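The next block holds one structure in the form of structure tokens; read it before the comments.
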Amino acid sequence: MAITCTFGASQLLFVAVLLVGLAAPGWVRAEDALEALASGDECSSEDGVDCALNALQRRGERVSGSASTEQEQQSLEFAAAEAEAEAEAERLLRADAEAEAAAESLRSLLSPRLRYNSSAFGGRRAPAVATQYDGLEDEREFEVQADGDGFTHVFAVGDWGATLPGHYTAPNKRGPGQKCPKNCGYVRGIDDRAQILVANVMKQRAGISNPQYVLNVGDNFYWSGVQENCGSAHADGLTFKNFAEGWQGVYGGLANKPWISCLGNHDYGGWQFNHGWPQQIGYSFVNRNWVMPGRYYSRVMNHPGFSVEYFVIDTNAFDAKSPDDDPEHNICGKMHTPNGATCAAGGGPASLYSCKDWFWQGYNQQKGWLKAKLAASRADWQVVVTHFPCGTDAGFFRMLHHSYGLDLLVTGHRHDQELWSNSGMMGGLTCFVTGGGGGITSEHPPHGMDSSEYGFFDLTMSKAKMHVELVALNGNVIKSSWVYPKSRR
């Protein structure tokens, strides 16, 4: 049957648009689509085109209404996201204020010359989260003096934080079945008070060489860091107490000098990740001499006539494994990590199952940062300070020595004293391990006070050369090496 009807211009345009929409994407003929509407469920066969047009209009209204509903939903979602962002910004502002207030309350317990001054040149407010200043160039002011011959002395030590409160050396293994102290060749009088012995010889030598600062390669508190949860970057009363007993109380006047410091695996918790490592970073904004503004950072020390730039990085990814792997040597281990552990509020891993990726992604990010910083450095010496020992990621550090002019690598983690002079494995780079600070029993029995198992390093610096000396418990230098600045490409 032929269908005839008269339409105005606006009606024709309306019909054309809707018919095109109905035809897509198959692009059936418009008259077929109109016929389908006329005979469809919405119209009886008698209603004809008028009903079809009404059906088209109703469908258009439904489409329009659906679009309007979708826009309203998007508006609601946007408003909710905006409110959430505002609430998070307010939370961060409160956390920032709380962190600074907590730091200030502890600063007041220190003598004025030891307090971190957040309003001075290079000062910053205490971080709301521990990772806030990662990659920072620390600029707090220190004065470095040379001796009568124009040389400057710097000490280096690591793995020193014996268990508190008694400063008892954490008992390690010295091989299969050789658990200290029972059957490991334990030497009483040395192994059981190693931190105190190392600290004593450091203080004795300080009277002669007058070190201007200390390089600290981590594992600052055994067994498992500051006994606080990682959910806050605030240094609190227990953190303050740990530092007073384990650092200031042991090293005396040496703790009144800057300690350029990094975190070790035991500072995270050893076989878990959720202990008080953020609080160690927070303490850096309480006591100006505890230099650890982030997990990684740089620091230029201006010596009379020359400068040294230190790049402190976190290599603890090498102890961050899958949760079920190596439970005795795994920061991300399932066996010892409490259920539901999270450091998200402190800036760390959100869960056990994101822990490994958090460490490795962070380490890869640091490697890019380190190359860029070395390339831009204008200091006379470039030195990396980190926890994991010589030989770890050797190819990377070999490349840094050859292509970026890295002069020296300072490490720890292995519980002894090693000097890798012009190391072939590392392409001629000199590296040393100073993991014999006495916080944990050494790799092998010490066999006397002149052993290389416990001790520290004394670096004598000038613009032209550096003398690296390994100092034993009796104060004797048992190994030494000269280092010269690497030419830069």
Side-chain angles (χ1 to χ4, degrees), residues 154-163 169-170 172-174 194-195 197-199 201-202 211 213-225 246-247 250-251 254 259-270 277 280 290-292 295-297 310-320 329 331 359 363 366 383-394 397 406 408-421 423 426 429-444 446 451-459 468-473 479:
V154 176
F155 285 177
V157 70
D159 300 74
W160 49 268
T163 59
T169 311
N172 197 21
K173 293 180 180 179
R174 284 179 170 153
Q195 183 192 11
L197 292 174
V198 174
V201 74
M202 288 175 71
Y213 52 92
V214 177
L215 306 178
N216 166 31
V217 299
D219 276 1
N220 309 314
F221 297 98
Y222 282 99
W223 270 106
S224 54
W247 182 49
V250 173
Y251 298 98
L254 281 173
W259 283 48
I260 297 173
S261 302
C262 71
L263 293 166
N265 56 306
H266 284 271
D267 296 312
Y268 282 96
W277 57 271
Q280 290 196 44
W290 185 256
V291 184
M292 189 195 282
R295 294 172 59 238
Y296 65 98
Y297 60 96
Y310 294 98
F311 307 93
V312 180
I313 64 170
D314 186 334
T315 46
N316 291 295
F318 289 93
D319 233 15
H329 302 92
I331 299 175
F359 276 98
Y363 180 58
Q366 290 175 67
V383 178
V384 166
V385 177
T386 194
H387 184 63
F388 267 69
C390 304
T392 303
D393 209 357
F397 290 107
L406 177 63
L408 180 68
L409 179 60
V410 181
T411 75
H413 190 65
R414 271 198 300 271
H415 308 130
D416 59 12
Q417 302 294 102
E418 307 170 19
L419 178 53
W420 293 35
S421 180
S423 166
M426 308 190 79
L429 175 66
T430 292
C431 176
F432 64 81
V433 177
T434 182
I440 189 169
T441 49
S442 56
E443 296 293 322
H444 305 284
S451 165
S452 63
E453 295 300 314
Y454 296 113
F456 69 102
F457 280 82
D458 185 357
L459 283 56
V468 179
E469 297 176 291
L470 191 167
V471 184
L473 292 177
K479 290 182 183 178

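Computation of the quantities below employed the complete heavy-atom set of this structure, encompassing side-chain atoms and omitting hydrogens, waters and symmetry-equivalent molecules. Owing to the predicted nature of the structure, the values given are computational and were not obtained by experimental measurement.
- Here the straight-line distance linking atom CH2 of Trp247 with atom OG of Ser261 works out to 7.0 Å at 0.5 Å rounding.
- Note that CG of Leu429 is 7.0 Å distant from CG of Leu408, once rounded to the nearest 0.5 Å.
- Atom CZ of residue Phe457 and atom CZ of residue Phe432 lie 5.5 Å apart, to the nearest 0.5 angstrom.
- Ser452 is not listed as a side-chain neighbour of Glu418, based on a closest heavy-atom distance of 4.5 Å or more.
- In this structure Glu443 satisfies the salt bridge (Lys or Arg N to Asp or Glu O under 4.0 Å) test with no other residue, sequence neighbours excluded.
- For Asp314, the salt bridge (Lys or Arg N to Asp or Glu O under 4.0 Å) criterion is met by Arg295, not counting sequence neighbours.
- Residue Leu254 holds its CG atom at 6.5 Å from CZ of Phe155, rounded to the nearest 0.5 Å.
- Closest approach of Ser451 to Ala472, counting heavy atoms only: O-CB, 3.7 Å.
- Judged purely by distance below 3.5 Å, without hydrogens or angles, the side chains of Asp416 and His444 never pair a donor atom with an acceptor atom.
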Q.
Is there a side-chain hydrogen bond (donor to acceptor under 3.5 Å, both in side chains) between His387 and Asn316? Walk through the geometry before answering.
A. CA-CA 7 Å; His387 184 63; Asn316 291 295; 4.7 Å; no

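- Among all heavy-atom pairs drawn from Leu459 and Leu215, the shortest one is CD2-CD1, 4.4 Å.
- Between the side chains of Asn216 and Trp160, a donor-acceptor pair is found at a separation under 3.5 Å.
- Here the side chains of Val384 and Val410 are not in contact, with every heavy-atom distance at 4.5 Å or above.
- Looking at Tyr268 and Asp319, their side chains never bring a donor and an acceptor atom within 3.5 Å of each other.
- Closest approach of Val433 to Pro389, counting heavy atoms only: CG2-CB, 4.0 Å.
- Scored by the ring pair (Phe, Tyr, Trp, His ring centres under 6.0 Å) test, Tyr454 finds no partners at all (sequence neighbours excluded).
- Closest non-hydrogen pair, Thr163 versus Ala170, comes out as CG2-CB, 4.2 Å.
- Here the closest non-hydrogen pair linking Ala194 and Gly438 is CB-CA, 3.5 Å.
- Remark: Tyr297 engages no residue in a side chain to side chain donor-acceptor pair (under 3.5 Å) (not counting sequence neighbours).
- For the side chain to side chain donor-acceptor pair (under 3.5 Å) test, no residue two or more places apart in sequence or in another chain qualifies with Tyr296.
- Once rounded to the nearest 0.5 Å, the distance linking CG of Asp219 with NE2 of His266 reads 5.0 Å.
- Side-chain contact check for Thr411 versus Thr434: every heavy-atom pair is 4.5 Å or farther apart.
- Once rounded to the nearest 0.5 Å, the distance linking CG of Asn172 with NE2 of His415 reads 5.5 Å.
- Nearest heavy-atom pair across Cys431 and Met426 is CB-SD, 4.0 Å.
- Considering only heavy atoms from C-beta on, His329 stays 4.5 Å or farther from Phe318 through its side chain.
- By the ring pair (Phe, Tyr, Trp, His ring centres under 6.0 Å) test, Phe311 pairs with no residue at all, sequence neighbours left out.
- The side-chain heavy atoms of Trp259 and Met292, taken from C-beta on, include no pair separated by under 4.5 Å.
- Ring centers of Tyr213 and Tyr310: under 6.0 Å apart, within the cut-off.
- With hydrogens and angles disregarded, a donor-acceptor distance shorter than 3.5 Å links the side chain of Thr315 to the backbone of Phe388.
- At a threshold of 4.5 Å between non-hydrogen side-chain atoms, the residues Trp420 and Leu409 do not count as touching.
- Side chains of Tyr222 and Asp159 form a contact here, defined as non-hydrogen atoms less than 4.5 Å apart.
- Checking side-chain atoms of Arg414 against main-chain N and O of Cys390 turns up a donor-acceptor pair under 3.5 Å.
- Trp277 places no side-chain N or O within 3.5 Å of a backbone atom of Gly269 that could act as its donor or acceptor partner.
- Side-chain N or O atoms of Gln417 include none that pairs as donor or acceptor with a backbone N or O of Lys479 at under 3.5 Å.
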